[in-house]
Structures are given as C-alpha cells and as structure tokens.
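We're numbering straight along the sequence, starting at 1. In this text the structure is predicted, and so the values were computed from the model without any measurement.
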Amino acid sequence: MTQTTVTPSTTTTLTTLSGLRSLYLIRVAFSLIWVALVVTTSASLVSTDRPTVIAAVLLIVYPLWDVVATLLERRTAGTGSTDRVGTTNMALGLATTAGMIIAVFSTIGTALLVFGVWALLSGAIQLVVAIRRRRTVGAQWPMVISGGLSVLAGASFAAMSASATSSLSTIAGYSAFGAFWFLVSVIALSIRSRREKR
C-alpha cells in the first residue's frame, strides 16, 4: 500500500484549490441569475433607449460584484494587500461602478461603452492573474481563455455602443459565457486537486 505524503506546500495548494472552486461556483450562480434577470426584464432595451430602473440596478451591480469576488479571491489565494493586480482590478471595478451610475442616466449605448471598456481591461487583468497563478496553482487554462475572450468582447461592446441596434442581450451573452468558463475552471481545479492528493 502506497502512503501519500502531504507536505505543507501541498496542503496550502489544496486549500487554495478548494477555495477557488467554491468561489467560482458562486460566480457561476451569480452570473446565471444575473443573465436570467436581464433576459426576463431588460433584453429588449436597445442602444438608444434609456435604462429602466431594473436595468440600471443590474448594470451597476455587475462590476460591483466583481469587486467583491476579487476581494474574496485574494483572501482565498492568501495574497492579501501584496496583490497589486487584485488591487488594480478592484479599483477598476469601483471606478466602473461609479461610471455606470452616471451612464445609466443616459442611454443603453453609454452603459454599453462603460461596460465594454471595463470588460476589456478586467479581461486583461484576468489574463495576467491566470498566467501568474498557473505556476503555483495550475489548471488556469480556462481563465486564460476567459480573459482573452473578455478582452475581445469588451472591444466589441465599445465598438457597437453607438449602434442603434445593439442591446443589453449582448451583455447577457457575455455573462453567460463567463459562467461557462468559470464552470470549466471548477472542473479543471477539481482534477488538479485530485492529482495533488496522490
């Protein structure tokens, strides 16, 4: 019978993997609920329309939730105040939330522009985090793909914000794809965790 040796490094890695899996599942649930609310209440709103109260709340809550999730992720990964990239991402999320509060008093197109710039920049940050974390935690390829797609989607939202035919349904699609990649990441982290236990 083979005995598994669990070192302090392995224990730390397993704790991080478990924490990230739990957080990513919460992010999946949040994104799916958010998408459902957008589709049922606001998907028909096009670029030239003014956001309804429900749409405005949904648009403001999304980047604010990302700030909360980033804070939780920092605690899970044990990086704390030394994580400059995480701090930058939270500052970006707070700035976007403030910008969105202003944008929702204008048009959906203005809100799409703010959302697009945020998606592009936060996607770039996600790429950096995933590449760095790949060395210590591993199983980061879904987050690399997700970050890259976020950069492309953000640029697309910013470009289409002036179009009269663009609508909130495009953002709902973005969030749904984000949920998918977080779910894939949960699976990848679970596989990595099993390997660490061997």
Side-chain angles (χ1 to χ4, degrees), residues 13 16-32 34-35 38 58-103 110-161 170-189 192:
T13 301
T16 301
L17 288 167
S18 177
L20 287 174
R21 274 199 324 260
S22 299
L23 177 59
Y24 288 174
L25 283 172
I26 293 170
R27 293 193 74 144
V28 168
F30 174 88
S31 293
L32 292 178
W34 192 87
V35 168
V38 169
L58 290 171
L59 287 165
I60 292 167
V61 163
Y62 200 91
L64 187 59
W65 158 245
D66 194 66
V67 173
V68 174
T70 301
L71 180 61
L72 293 173
E73 191 168 327
R74 279 173 54 154
R75 290 183 178 178
T76 298
T79 53
S81 59
T82 60
D83 181 12
R84 292 181 181 177
V85 177
T87 301
T88 302
N89 194 44
M90 288 192 297
L92 174 63
L94 290 173
T96 303
T97 301
M100 195 61 80
I101 290 171
I102 297 169
T110 305
L112 280 173
L113 177 61
V114 172
F115 194 96
V117 172
W118 170 73
L120 190 157
L121 295 175
S122 65
I125 291 172
Q126 184 178 334
L127 268 172
V128 172
V129 171
I131 291 169
R132 285 184 177 180
R133 193 173 284 161
R134 186 180 57 179
R135 299 176 194 144
T136 56
V137 179
Q140 291 298 298
W141 62 267
M143 290 295 95
V144 170
I145 294 172
S146 179
L149 291 175
S150 183
V151 170
L152 295 176
S156 176
F157 293 150
M160 72 171 63
S161 63
T170 56
I171 294 181
Y174 166 84
S175 184
F177 271 109
F180 169 77
W181 284 111
F182 273 115
L183 186 58
V184 172
S185 188
V186 167
I187 296 168
L189 289 170
R192 170 75 175 179

Decide yes or no for [X] and [Y]: does some side-chain heavy atom of the first lie under 4.5 Å from some side-chain heavy atom of the second?
{"X": "V67", "Y": "N89", "answer": "no"}
{"X": "W181", "Y": "V184", "answer": "yes"}
{"X": "F182", "Y": "F30", "answer": "no"}
{"X": "Q126", "Y": "Q140", "answer": "no"}
{"X": "M90", "Y": "V68", "answer": "no"}
{"X": "V28", "Y": "Y24", "answer": "no"}
{"X": "I171", "Y": "V38", "answer": "no"}

What do the steps show when you test L58 against Y62 for side-chain contact (heavy atoms from CB on, under 4.5 Å), and what is the final call?
CA-CA 6 Å; L58 290 171; Y62 200 91; over 6 Å; no
Could you tell me whether the side chains of S185 and R21 share a donor-acceptor contact shorter than 3.5 Å?
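On atom types as modelled, these side chains do not qualify, holding no pair under 3.5 Å.
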Please tell me whether S150 and Y174 have a donor and an acceptor in their side chains that are separated by less than 3.5 angstrom.
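The answer is yes; a qualifying pair exists.
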Looking at residues at least two apart in the chain, or sitting in another chain, which of them share a side-chain contact (heavy atoms from CB on, under 4.5 Å) with A158?
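Residues passing side-chain contact (heavy atoms from CB on, under 4.5 Å) with A158: L113.
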Could you list the residues that satisfy side-chain contact (heavy atoms from CB on, under 4.5 Å) with V114, not counting sequence neighbours?
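So V114 forms a side-chain contact (heavy atoms from CB on, under 4.5 Å) with T96, M100, A103.
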